[in-house]
Participant: 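For reference, the structure I am asking about is given below.
All figures in this text were calculated on a predicted structure; none of them were measured in a lab.
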Amino acid sequence: MSTRIAFLKGHGTENDFVIVPDPENAIDLPPTAVAALCDRRAGIGGDGLLHVVRSAAHPEAKEMAAEAEWFMDYRNGDGSVAEMCGNGVRVFARYLQRAGHVAEGDIAVATRGGVKSVHVAKDGAVTVGMGKAVLPEGDVTVSVGERSWPARNVNMGNPHAVAFVDDLAHAGNLFTPPPFAPAAAYPDGVNVEFVVDRGPRHVALRVHERGSGETRSCGTGACAVAVAAARRDGADPAVTGTPSTYTVDVPGGRLVITEHPDGEIEMTGPAVIVAEGELDAEWLDTVQF
């Protein structure tokens, strides 16, 4: 690999990402390369990778170019492609601001889960319009060891199974995907959230993200949890006619999720750029690009 590649490192509530700016989509990023970059011992390290591309330059985003100049080509830490990443969108927007591509205020970001509306505030908080949740019908269960729980099936552009438990320790180590049933509910795998109550409209979670293992935070997962909690608590905004806001504690910090009566969901939280640099040419020669 003769071309030197710039990168940045960022996180949103400690859900961390390698950021690869590539406006014209000139860098091929096969799964092996992404996994190498996200490796925490032999690479930069991250739960995932944010490939920053102009929408018009990417075949999966061309149709969104009129609405959003920039496409978040998101990859999981194992190199697999994902539809969306809520924490990733916030960090993506923070990068665009840092690079001078956008200013504070409202931004549109294209993702495989559609165009997301983002607001970058002066105080550093970033709010993302996460779209509407889809709640597929049918019973789902998740298991850890000998314990099993009913789970709410929530799709936020990517699939989630939300299980309310008595103790977050019951989730186990979350190194491997928790078993779920029926298999047909999630043919491409699922993100699993284990949730406990902390107070009125206040919950905490641990999550296994498919392709990444346990992470310090999951933005779409926090949204799925807030939706599931609202339905459990009789606070569905479509029924009550008033917005429903939940504080969601994740291992890496705190997110605030609001669902409006029209179904639109907003997520607010921090986004931090930690470092930037250039990948070493000799190391790049050892990576399978």
Side-chain angles (χ1 to χ4, degrees), residues 11-15 84-91 93 113 116-121 123-136 140 142 149-171 174 178 190-209 214-271:
H11 77 90
T13 50
E14 298 182 12
N15 194 186
M84 241 296 285
C85 176
N87 287 317
V89 173
R90 296 203 318 279
V91 175
K116 304 301 178 184
S117 298
V118 183
H119 181 80
V120 179
D123 65 2
V126 181
T127 298
V128 180
M130 299 291 286
K132 300 179 181 180
V134 175
L135 288 83
V140 176
V142 297
W149 301 269
R152 191 71 189 244
N153 189 346
V154 183
N155 194 293
M156 286 297 308
N158 56 358
H160 296 268
V162 179
F164 292 93
V165 299
D166 295 326
D167 190 329
L168 290 180
H170 291 167
L174 292 182
V190 64
N191 305 286
V192 182
E193 287 80 27
F194 296 88
V195 187
V196 296
D197 289 296
R198 292 288 189 236
R201 304 285 178 97
H202 186 183
V203 296
L205 67 81
R206 287 178 63 199
V207 57
H208 176 95
E209 289 195 61
E214 182 172 15
T215 60
R216 300 285 295 170
S217 180
C218 178
T220 55
C223 293
V225 165
V227 168
R231 303 308 184 270
R232 180 199 63 172
D233 298 340
D236 180 352
V239 175
T240 66
T242 59
S244 172
T245 297
Y246 278 78
T247 297
V248 181
D249 291 341
V250 298
R254 176 169 288 180
L255 297 167
V256 176
I257 312 298
T258 298
E259 184 181 9
H260 295 276
D262 63 0
E264 293 292 332
I265 298 169
E266 293 180 331
M267 173 183 65
T268 300

Participant: Quick check: do P270 and R90 have side-chain heavy atoms less than 4.5 Å from each other?
Facilitator: yes
Participant: Test your reading of the model: is there a side-chain donor-acceptor pair from N155 to the backbone of G157, 3.5 Å cut-off?
Facilitator: yes
Participant: Ignoring hydrogens, what is the shortest heavy-atom contact between V91 and G12? Give both atom names and the distance.
Facilitator: CG2-N, 3.6 Å
Participant: Please check if atom CG in D166 has more than 12 non-hydrogen atoms from other residues, nucleotides or ligands closer than 6.0 Å.
Facilitator: no
Participant: Tell me the closest heavy-atom pair linking A271 and V126, and the distance in Å.
Facilitator: CB-CG2, 4.1 Å
Participant: Under the criterion side chain to side chain contact (heavy atoms under 4.5 Å, CB included), I'd like the reasoning laid out for H119 against E266: C-alpha separation, chi angles, the key distance, then a yes or no.
Facilitator: CA-CA 10 Å; H119 181 80; E266 293 180 331; over 6 Å; no
Participant: Specify the closest pair of heavy atoms between M156 and C223, including all atoms of both residues, with the distance to one decimal.
Facilitator: CE-CB, 3.8 Å
Participant: Do you know the tightest heavy-atom contact between L255 and A222?
Facilitator: CD1-CB, 3.8 Å
Participant: Looking at CE of M267 and OG1 of T258, how far apart are the two atoms once the value is rounded to the nearest 0.5 Å?
Facilitator: 11.5 Å
Participant: Compare all side-chain heavy atoms of S217 with those of P251 and state whether any distance is below 4.5 angstrom.
Facilitator: no
Participant: Of all the heavy-atom pairs spanning R232 and F164, show the shortest one and how long it is.
Facilitator: NH1-CD2, 3.3 Å
Participant: Could you give the distance from CZ (R254) to OG1 (T247), rounded to the nearest 0.5 Å?
Facilitator: 6.0 Å
Participant: In Å, rounded to the nearest 0.5 Å, how long is the span from NZ of K132 to CD of E259?
Facilitator: 10.0 Å
Participant: Please examine the side chains of V196 and R198, heavy atoms only from C-beta on, and report whether any two atoms are closer than 4.5 Å.
Facilitator: yes
Participant: Is there a side-chain contact between D249 and H202 (heavy atoms, below 4.5 Å)?
Facilitator: yes
Participant: Just one of L205, V162, L174, V207 clears the side-chain contact (heavy atoms from CB on, under 4.5 Å) bar with F194, so which one?
Facilitator: L174
Participant: Can you list every pair that meets salt bridge (charged side-chain N to carboxylate O under 4.0 Å, His left out) and has a residue in residues 199-209, with sequence neighbours left out?
Facilitator: R206-E214
Participant: Measuring only between side-chain heavy atoms, which start at C-beta, is R216 closer than 4.5 Å to N15?
Facilitator: no
Participant: L135 and R231: side chain to side chain contact (heavy atoms under 4.5 Å, CB included), yes or no, with the steps?
Facilitator: CA-CA 10 Å; L135 288 83; R231 303 308 184 270; 4.1 Å; yes
Participant: Under 3.5 Å, is there a donor-acceptor pair linking the side chains of N87 and H11?
Facilitator: no
Participant: For P159 versus V190, what's the shortest heavy-atom pair and its separation?
Facilitator: O-CG2, 3.6 Å
